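The structure under discussion appears below in the form of structure tokens.
Here the structure is a predicted model, which means the values were calculated and not measured.
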Amino acid sequence: MDRFVTRTNIGQPSSSSTNPSIASSIASEIQRDTFLSDLDLESPNADPGDRKPITEYNPNIRDEVRRHYIQKSLVSLRIMTFSKTKFGRIMRQFCPGWFKGQHSKWLEYSISKDAVYCLCCYLFKNEHESHGITRDAFTKNGFKAWNKAIERFKAHVGEINSIHNKCFNRMLDLMNQSQSIRTSFDK
């Protein structure tokens, strides 16, 4: 019988895994947990003008970092006084009313840069950059031409298939991921 059957040591790890997909998924899960333990989720900077690009985070933990930023941003920064900038003869400033209405789910204000940023484009723009021309005003540089804010906000949001809307939908998907069927099966 020993000529026909290869015996293995039961309970001993073998050099060749019988199911490599399970082994690789376990390894990637351990690797992701290692990166998460190295990252203190309180350390990502809340000020959009001072934080590092999402692409600088390890790909294994980007979704965790994104969730962290989304949860932090749900409580938008409300400041009573904002810096004023001179446009021609008129002094202008950020309007807190812009936090309300159609801009409330993506607009962020940076105290350090006195500029606004787009949360969803910061989080997901790198996934859509190859699909079209993108600008850095709402992700890297910040926007602070307060005299043209409403028209630029509308231009940034754009049409239904704009990069902003793709990023916004991706952000909604990530927020609702805990309610997905896949997550229910995993639990």
Side-chain angles (χ1 to χ4, degrees), residues 39 41-59 61-180:
L39 174 72
L41 285 180
E42 294 304 315
S43 67
N45 200 329
D47 190 308
D50 295 335
R51 60 186 171 209
K52 67 181 183 178
I54 197 78
T55 55
E56 289 184 16
Y57 289 100
N58 185 295
I61 63 168
R62 283 185 191 156
D63 280 348
E64 296 296 327
V65 174
R66 287 173 173 142
R67 280 188 198 93
H68 174 76
Y69 278 125
I70 291 168
Q71 289 171 352
K72 285 274 193 188
S73 74
L74 293 178
V75 180
S76 297
L77 181 63
R78 306 290 194 262
I79 302 173
M80 299 309 275
T81 59
F82 295 93
S83 301
K84 292 186 179 186
T85 307
K86 191 170 187 174
F87 289 96
R89 297 180 197 169
I90 301 172
M91 295 297 284
R92 300 200 185 247
Q93 68 185 28
F94 175 80
C95 176
W98 293 332
F99 277 133
K100 299 174 184 164
Q102 59 190 0
H103 313 301
S104 64
K105 298 205 185 319
W106 60 267
L107 191 66
E108 294 185 296
Y109 180 80
S110 168
I111 298 170
S112 65
K113 307 286 187 202
D114 183 34
V116 291
Y117 292 82
C118 177
L119 175 65
C120 57
C121 290
Y122 162 74
L123 296 174
F124 298 103
K125 184 176 117 175
N126 63 311
E127 294 180 1
H128 300 288
E129 280 182 319
S130 63
H131 303 298
I133 298 170
T134 60
R135 297 187 181 105
D136 293 335
F138 286 92
T139 55
K140 292 180 186 171
N141 306 329
F143 175 81
K144 58 183 182 177
W146 309 129
N147 59 332
K148 298 183 179 190
I150 297 298
E151 94 183 42
R152 296 288 166 84
F153 292 168
K154 287 179 184 177
H156 172 72
V157 170
E159 300 295 321
I160 291 175
N161 290 325
S162 70
I163 290 175
H164 169 85
N165 284 318
K166 289 177 183 177
C167 293
F168 186 76
N169 290 333
R170 179 75 171 89
M171 185 172 81
L172 292 177
D173 289 345
L174 186 67
M175 288 171 52
N176 293 329
Q177 198 172 39
S178 62
Q179 300 171 357
S180 71

> Does the pair Ser112 and Asp50 meet the rule for a side-chain hydrogen bond (donor to acceptor under 3.5 Å, both in side chains), with working shown?
Replying inline: CA-CA 7 Å; Ser112 65; Asp50 295 335; 3.1 Å; yes
> Nearest heavy-atom pair of Trp98 and Gln93: which atoms, and what distance?
Replying inline: CH2-O, 4.3 Å
> Minimum heavy-atom separation for Asn147 to Arg92, with atom names?
Replying inline: CB-NE, 3.2 Å
>> Restricting to non-hydrogen atoms, name the atom on Lys86 and the atom on Met91 that form the minimum distance, rounded to 0.1 Å.
In response: CB-SD, 3.4 Å
> Would Gln102 and Leu107 count as a side chain to side chain contact (heavy atoms under 4.5 Å, CB included) if you check the C-alpha gap in whole Å, the side-chain angles of each, and the deciding distance to 0.1 Å?
Replying inline: CA-CA 9 Å; Gln102 59 190 0; Leu107 191 66; over 6 Å; no
> Between Lys125 and Thr139, does a side chain to side chain contact (heavy atoms under 4.5 Å, CB included) hold up when you go through it step by step?
Replying inline: CA-CA 8 Å; Lys125 184 176 117 175; Thr139 55; 3.2 Å; yes
>> Cation-pi check for Phe143 against Arg152: NZ or CZ below 6.0 Å from the six-membered ring centre and within 45 degrees of the axis, yes or no?
In response: no
> Any sub-3.5 Å donor-acceptor pair from Asp114's side-chain atoms to Phe82's backbone N or O?
Replying inline: no
> Hey, does the side chain of Arg66 reach the backbone of Leu123 with a donor-acceptor pair shorter than 3.5 angstrom?
Replying inline: yes
>> Please identify which of these residues, Phe94, Phe99, Tyr117, meets the ring-ring contact (aromatic ring centres under 6.0 Å, His included) condition with Tyr109.
In response: Phe94
> Could you state the interatomic distance from NZ (Lys166) to SG (Cys121), rounded to the nearest 0.5 Å?
Replying inline: 12.0 Å
>> Between Cys120 and Arg170, is the side chain to side chain contact (heavy atoms under 4.5 Å, CB included) condition met? List the steps.
In response: CA-CA 8 Å; Cys120 57; Arg170 179 75 171 89; over 6 Å; no
> Quick one: does Asn165's side chain have a donor or acceptor within less than 3.5 Å of a partner on Glu159's backbone?
Replying inline: yes
> Under the 3.5 angstrom rule, does the side chain of Arg62 hit a backbone N or O of Tyr57 as a donor-acceptor pair?
Replying inline: yes
>> For Trp146 and Phe87: C-alpha separation, side-chain torsions, deciding distance, then whether ring pair (Phe, Tyr, Trp, His ring centres under 6.0 Å) applies.
In response: CA-CA 9 Å; Trp146 309 129; Phe87 289 96; 7.9 Å; no
>> Please evaluate residues Ile163 and Phe124 with respect to the criterion side chain to side chain contact (heavy atoms under 4.5 Å, CB included), reporting the C-alpha separation (whole Å), side-chain torsions for both, the decisive distance (0.1 Å), and the verdict.
In response: CA-CA 9 Å; Ile163 290 175; Phe124 298 103; over 6 Å; no
> To the nearest 0.5 Å, how far apart are NE2 in His164 and CE in Met171?
Replying inline: 8.0 Å
>> Taking the ring centre of each residue, are Trp106 and Phe168 less than 6.0 Å apart?
In response: no
>> Between Glu108 and Arg51, does any NZ, NE, NH1 or NH2 come within less than 4.0 Å of an OD or OE carboxylate oxygen?
In response: yes
> Would Asp47 and Ser110 count as having a side-chain donor-acceptor pair, cut-off 3.5 Å?
Replying inline: yes
> Stepwise, does the ring pair (Phe, Tyr, Trp, His ring centres under 6.0 Å) test hold for Tyr122 with Phe138?
Replying inline: CA-CA 8 Å; Tyr122 162 74; Phe138 286 92; over 10 Å; no
> Got a sec: does the CD of Glu151 have more than 12 other heavy atoms crowding it under 6.0 Å?
Replying inline: yes
> So how far is it from Leu174 CG to Glu64 CD, rounded to the nearest 0.5 Å?
Replying inline: 8.5 Å
